[in-house]
Amino acid sequence: MYNLRLLRQILPSAGHAHPAHLRPRWLASQHKRRPQPGSLPPDRLEQLRSDLLERRQELSGEEWTEVRQSLVDTYKHINGRNVDAVILGVCSGPQQLPLAKNYVEFLRSSGSRPNAATLGRLLRVYNAAYHARPLSREEQAEILLICRDLQAEHETLDATSCEHIIHGLVAMDSSDWRRALPLLEMMKVTTSAPSVAAYSALAEKAFSVEQQEQEDLELAWRLLEEMALARKLPKCEVYLALLSRLDRLPAQLKLLLEFLERHEILVSQRVAERFKELAQQVPHLLEARATSLGPLGRCQACQQHLQPVAIGDEQFRALRDCFLERVLIRRDVFQRSTPAEVARFKQYVERTAPYDCVIDGLNVAYSTGTKKSPQQLAKLVATVVRHFRDRDKRVLVLGREHMRQWSKQAMHYVQSNASLFLTSNLSHDDPFLLYATLRSGQETDFFSRDLMRSHAFHLGPELKPIFRRWQQEHQFSLVTQTQTGRIIVKEPIRHRLSAHQVGGTWHVPYCEAYTQHPTDSFEVPANWLCLRLKENTLRDKQ
């Protein structure tokens, strides 16, 4: 048959195309980089997809047998247990649903019962088709039957199976999609937290359901809040589903902007383009212009300066008062330090504070490389101290006891021009650094390249965003040191970097492409939207 000849060209091991004495060497060359089980290697599997599987809606039993055996023979990571799921992974496009169903029918007709992974992959193909076209009643009935069969086999499903079933159920037109909600709760039991894909699929469905009720909107927003608090960023499709509902757009648009502001989320360019399209569709509701920022955070579209990132006095007091309890005296800090050392440090700060800047000495010393002599390390710390002393700043340097062995001249300069507190060699510096900075007051800065992720996390959901804003305003860091010894210092960015409103206009930053992992660094986004909601229309619609 023609297709079998094509298959043997794509996967040469099919039909033992290589002599037995050559096959081990040939196979070894194919497996230098072994993909994870179920993944799709970019070479021959993609060729198989494009040259054979994308052209057909069904294959004969003989052809499927050849495909199946060829994959098992060719790839060490593919075996009899996962080959079916791999094949359905290759047949994953929205136009390949008939072919995927044809393969499952082939398995059943040959007396093989498709396993949970295979049926789960089939549900994902149904979901892909659902996003490309309306599914027929027959197709939706097939989804429901598969989901029921999978759930009947196990009282508690693993997280992957739950995610597959969720993607199947959200493709339903009827209220059956709500059967996916308990699966989300089941995922919380069987894994640390539901996946971005599971959360996003349900939130997207709740925003886009045809006969939408208030409880659907409340569900969608609850899911988004859960995701954001777990630092799981919603997929673009969630926002696009919300922005497609023009009948509810005004009020929901404001909620979306407030959500982005509250959780400091950057949308993707894809979502930003949808905002601009909406402004053309409904100019009576929304104005949208692409913009960038000039010096000091000035919007080039409306010429307004972005809001300062500074926190209020009350917020600062709450952050300072809570820091010792939640961060400095946690057990994992005392594993590297002692209560006596913490007490000694607090007494030292009470005696010598306030400071204008607190410097993490070791962080500075090693920021341009660790393979340097003690003399070079000490000289770099002294140079950073000089940077602030030349500006009449009162400085505290935190370090370790072993720094006493560094260059006498450089360390003498440090001690003569700054307060110096050295902890034991096992201590953890960051809590000491942050405590001294917070204790010194709202105007005090600190110098470190550390992003302080763990400390922000331990402050909890209420204080974490306050801490992050305070950190952005007050953190200096070293960029590099030139060959002449001059240092280049990165100064804090004083304006907000997330969505917020200034003078009735929203400024929304966006990035080029979606990522599941938000950045914790303070970099000014290159791209912004300048949005204005028509408030009169907004009030009328609420």
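We use all heavy atoms of the structure for the numbers below, so side chains are in, but hydrogens, waters and symmetry mates are not. Not measured: the values here are computed from a predicted model.
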For Leu286 and Arg532, run side chain to side chain contact (heavy atoms under 4.5 Å, CB included): C-alpha distance rounded to whole Å, both residues' side-chain angles, the deciding distance at 0.1 Å, then the answer.
-> CA-CA 6 Å; Leu286 176 69; Arg532 181 177 290 274; over 6 Å; no
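- Salt bridge absent: Glu264 and Lys464 never bring a charged side-chain N and a carboxylate O closer than 4.0 Å.
- The cationic group of Arg245 does not satisfy the cation-pi geometry with Phe207, failing either the under 6.0 Å distance to the six-membered ring centre or the 45° limit from the ring axis.
- Checked against Gln471 for a side-chain hydrogen bond (donor to acceptor under 3.5 Å, both in side chains), the options Arg468, His474, Arg469 give a single hit: Arg468.
- Using a cut-off of 4.0 Å between Lys/Arg side-chain N and Asp/Glu carboxylate O, Lys276 and Glu273 are scored as salt-bridged.
- For CD of Glu185, the number of neighbouring non-hydrogen atoms (other residues, nucleotides, ligands) closer than 6.0 Å is greater than 12.
- A donor-acceptor pair shorter than 3.5 Å cannot be found between the side chains of Arg121 and His164.
- With Glu237 as reference, Arg270 is the one residue of Lys205, Arg270, Arg274 to meet the salt bridge (Lys or Arg N to Asp or Glu O under 4.0 Å) rule.
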### Task
Kindly indicate, with the supporting measurements, whether the criterion salt bridge (charged side-chain N to carboxylate O under 4.0 Å, His left out) is fulfilled by Glu226 and Arg222.
CA-CA 6 Å; Glu226 283 186 21; Arg222 177 174 64 80; 3.0 Å; yes
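- Between the side chains of Gln140 and Asp173, at least one donor N or O sits under 3.5 Å from an acceptor N or O.
- Taking the six-membered ring where the residue is Trp, the centroids of Phe447 and Phe388 are separated by under 6.0 Å.
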Anything under 3.5 Å between a donor and an acceptor, one on a side chain of residues 302-310, the other on a protein residue two or more places apart or in another chain? List them.
from	atom 1	to	atom 2	distance (Å)
Gln303	OE1	Arg298	NE	3.2
Gln303	OE1	Arg298	NH2	3.4
Gln303	NE2	Gln300	O	2.9
Gln304	NE2	Val502	O	3.3
His305	ND1	Leu296	O	3.4
Gln307	OE1	Arg496	NH1	2.9

